[in-house]
Amino acid sequence: MIKLSNIQKSYKLGKNSLHVLKGINLEIKEGEMVAIMGSSGSGKSTLLNILGILDSQDSGTYFLDSQEIKNLDETKAANYRNKFLGFVFQSFNLISYKTAIQNVALPLQFQKINRKSRQKRAKEFLGMVGLAEWSTHHPNELSGGQKQRVAIARALVTQPRVLLADEPTGALDSKTSYELMELLQKINDSGETIIIVTHEEDIASMCKRIVNLKDGKIVEDKHIKQKLASEYV
Amino acid sequence: MFKRDQWEEIIYTISKNKLRTALSGFTIALGVFIFVVLFGFGNGLKNGFSNFFMNDNDIRVMRIFPTKTFIPYRGLKSQRQIRFENEDLKIIEENFGDYIDGISPRLNRNFLAIYKNQSNNFGVRGVSPEYIKIEKIGILSGRFLNQNDINGSYKHAVIGNLIKQELFKSENPINKFVILNGTPFKVIGVFEDVDGDNEEKTFYVPYTSIQSIEKNNDKLGTLLISVKENISYSSAILLGERIVKLLKRKYLIHPKDRGGIFLRKISDELNERNQFATALQIIVSFVGLGTLLAGIIGVSNIMVFIVKERTKELGIKIAIGATPSNILNSILQESIFITTISGLTGLLFGVICLELIGNSLSESFYIINPYIKFSTAIIATIVLIILGSFAGFLPARQATKIKPIEAINGN
């Protein structure tokens with residue numbers, strides 16, 4: 001599903017350049033649930049940006065669903081993001097003046113899907129995250145866990161090949177975190193590839209594989225026995 | 001371009017961002033409003049000044065003066081004084097009658113006028129009956145000169161209202177005799193002239209009567225020709241040139257001689273009288289353009305503010321698959337929508353304001369009937385909308401370059 005070979009990335013900071021990714025090689029297969037761990041400055045955010053086609057690598061190759069991601073213009077990058085990837089952020093990032101269902105339907109609007117099927121699909125996905133009754137509520141009327149569920153529904157509504165989650169539980173208490181992880185595990189069980197960036201050990205342990213990043217390099221890459229979030233709840 | 005989704009989006013963002021919308025809308029509405037009102041005032045001022053200085057009748061009148069020649073021609077030396085003759089009137093009438101409303105000579109004299117024990121010096125003008133089509137004079141009593149007076153060289157006079165008051169006091173002057181330069185003239189009418197007091201201190205007499213008391217010659221002074229109303233300015237100018245050409249041939253003046261005959265063209269008159277109005281118009285346009293420019297800069301500023309404020313939201317949209325053109329369109333459409341609505345509101349209020357003011361400022365500020373041409377107002381509004389959107393384009397373009405992760409994390 002994802003194949004990264006020798007990905008290099010540096011940022012210019014004045015006269016100096018900061019070498020952030022120093023040759024990342026990573027292959028992620030369909031249906032995997034991978035935690036990317038690392039302290040701040042390890043390059044995990046940069047890696048996520050590259051995986052999410054929000055930034056481009058300086059060198060190395062990136063294949064997403066056997067499609068090479070290279071020299072994309074903004075429009076094409078946007079279309080790929082929309083089609084292949086779903087994003088979940090730490091701070092939920094729902095659009096505050098739109099209702100839950102409108103937030104979920106938004107990515108479909110960019111695909112120019114007609115209103116009726118948009119509404120239908122959005123409703124379906126809101127139901128899947130257990131928020132069918134909250135569809136007409138605005139984000140400020142929802143709890144943190146509910147907001148993140150809406151965000152997950154929004155990320156999945158386009159049926160992306162990969163779900164990218166950047167510290168999805170970072171703003172949630174532990175109980176809500178585990179509930180959310182249970183949902184993500186369920187989604188993963190249905191075949192969705194999920195990549196979670198986190199620095200929390202217990203969250204990482206609920207994935208099937210942990211990739212540890214340090215100073216722009218992968219220092220550890222291990223498959224683990226997944227802990228079921230439902231056991232904690 | 002405008003689909004239901006986009007309308008919904010626009011309505012949403014506007015209703016959720018009332019202050020922002022109100023601010024930007026107010027700037028634009030104010031810009032258009034000030035433009036409309038100022039432009040209207042400018043036009044009102046122009047009206048005021050034209051009422052003062054312009055006389056519609058005068059505009060259509062060309063004057064032909066006989067002068068000295070500059071160039072010797074066909075054995076005739078230069079510095080020869082040209083004098084028009086009675087037959088010139090007939091010649092011009094015959095050749096150009098279709099274009100001419102009225103033609104009259106004007107022999108200007110200054111005579112001592114005596115009635116009973118009253119006397120004073122007054123201007124005396126020898127003219128033809130058609131003079132009434134050239135000068136704005138209204139007959140108060142009696143009549144103006146007629147062709148009989150000309151043919152018979154009758155010593156008849158039409159007197160200005162002020163002369164009547166000065167010489168005749170409360171007496172009825174009609175059919176009384178007044179002595180002009182030693183010759184008795186019978187008063188046949190009294191006139192008033194809108195151009196003011198000086199004009200009303202004038203005697204109008206048949207030009208032939210002046211000729212007869214001055215050695216019985218047939219020389220004319222200035223020729224005044226009023227052009228028919230349906231003749232355009234350009235053809236009026238052409239007409240003037242053709243008349244001059246004809247007269248030059250008759251009086252053996254070199255065709256290139258700038259002396260001999262001097263034509264004061266219609267356009268000359270117009271130009272002079274319009275210069276002031278034009279200066280006003282330029283000032284008004286300048287002020288108007290300035291206001292519009294300020295409005296456009298206002299729109300641009302607010303667009304920068306909007307993009308800044310919405311950075312995070314735009315970042316989210318970009319992350320979940322909005323293309324640059326999605327972003328660009330949504331921002332531009334919103335700004336075009338706000339600009340259009342506010343622009344039209346400003347336009348409406350401006351026009352209403354001008355209507356309400358009407359002529360109330362005419363007494364103290366000489367602003368008469370302030371107005372703005374509908375087309376001018378609409379064009380100004382459209383220009384503001386287009387340039388406003390154009391000014392908004394750069395910030396909107398900037399918005400498409402937002403890095404989503406930075407935007408989202410940067411709060």
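Only this structure's heavy atoms are used, side chains among them; waters, hydrogens and symmetry mates stay out.
Remark: the backbone N or O of Ser56(A) is paired with a side-chain donor or acceptor of Lys9(A) at under 3.5 angstrom. Side-chain atoms of Asn103(A) come within 3.5 Å of backbone N or O of Lys98(A) as a donor-acceptor pair.
A side chain to side chain donor-acceptor pair (under 3.5 Å) with Tyr11(A) is found for one member of Asp58(A), Asn16(A), Asp55(A) and no other, namely Asp55(A).
Interface residues of residues 126-158 of chain A toward chain B, defined by a heavy-atom distance below 4.5 Å and sorted by number: His138(A), Arg154(A).
Using a 4.5 Å cut-off between heavy atoms, Leu94(A) contacts chain B through its backbone alone, with no side-chain atom that close. For Lys83(A), no part sits under 4.5 Å from any heavy atom of chain B, backbone or side chain. Looking at Lys401(B), there are no atoms closer than 4.5 Å to chain A (heavy atoms on both sides), in backbone or side chain. For Ile318(B), the parts lying under 4.5 angstrom from a heavy atom of chain A are both the backbone and the side chain. Of the atoms belonging to Tyr97(A), heavy atoms from both backbone and side chain fall under 4.5 Å from chain B.
Interface check for chain B: of the options Arg115(A), Glu74(A), Gln102(A), the most heavy-atom pairs under 4.5 Å are formed by Arg115(A). Counting heavy-atom pairs closer than 4.5 Å to chain B, the top residue among Gly86(A), Ser45(A), Ala78(A), Ala77(A) is Ala78(A).
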Would Lys317(B) and Glu313(B) satisfy salt bridge (Lys or Arg N to Asp or Glu O under 4.0 Å), going step by step from the backbone distance to the final call? CA-CA 6 Å; Lys317(B) 284 186 173 172; Glu313(B) 179 195 326; 3.4 Å; yes
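For Thr323(B) and Asn326(B), the side-chain atoms include at least one donor-acceptor pair closer than 3.5 Å.
The side-chain heavy atoms of Arg81(A) and Ile320(B), taken from C-beta on, include no pair separated by under 4.5 Å.
By the 30° and 60° cut-offs, the orientation of the rings of Tyr80(A) relative to Phe84(A) is perpendicular.
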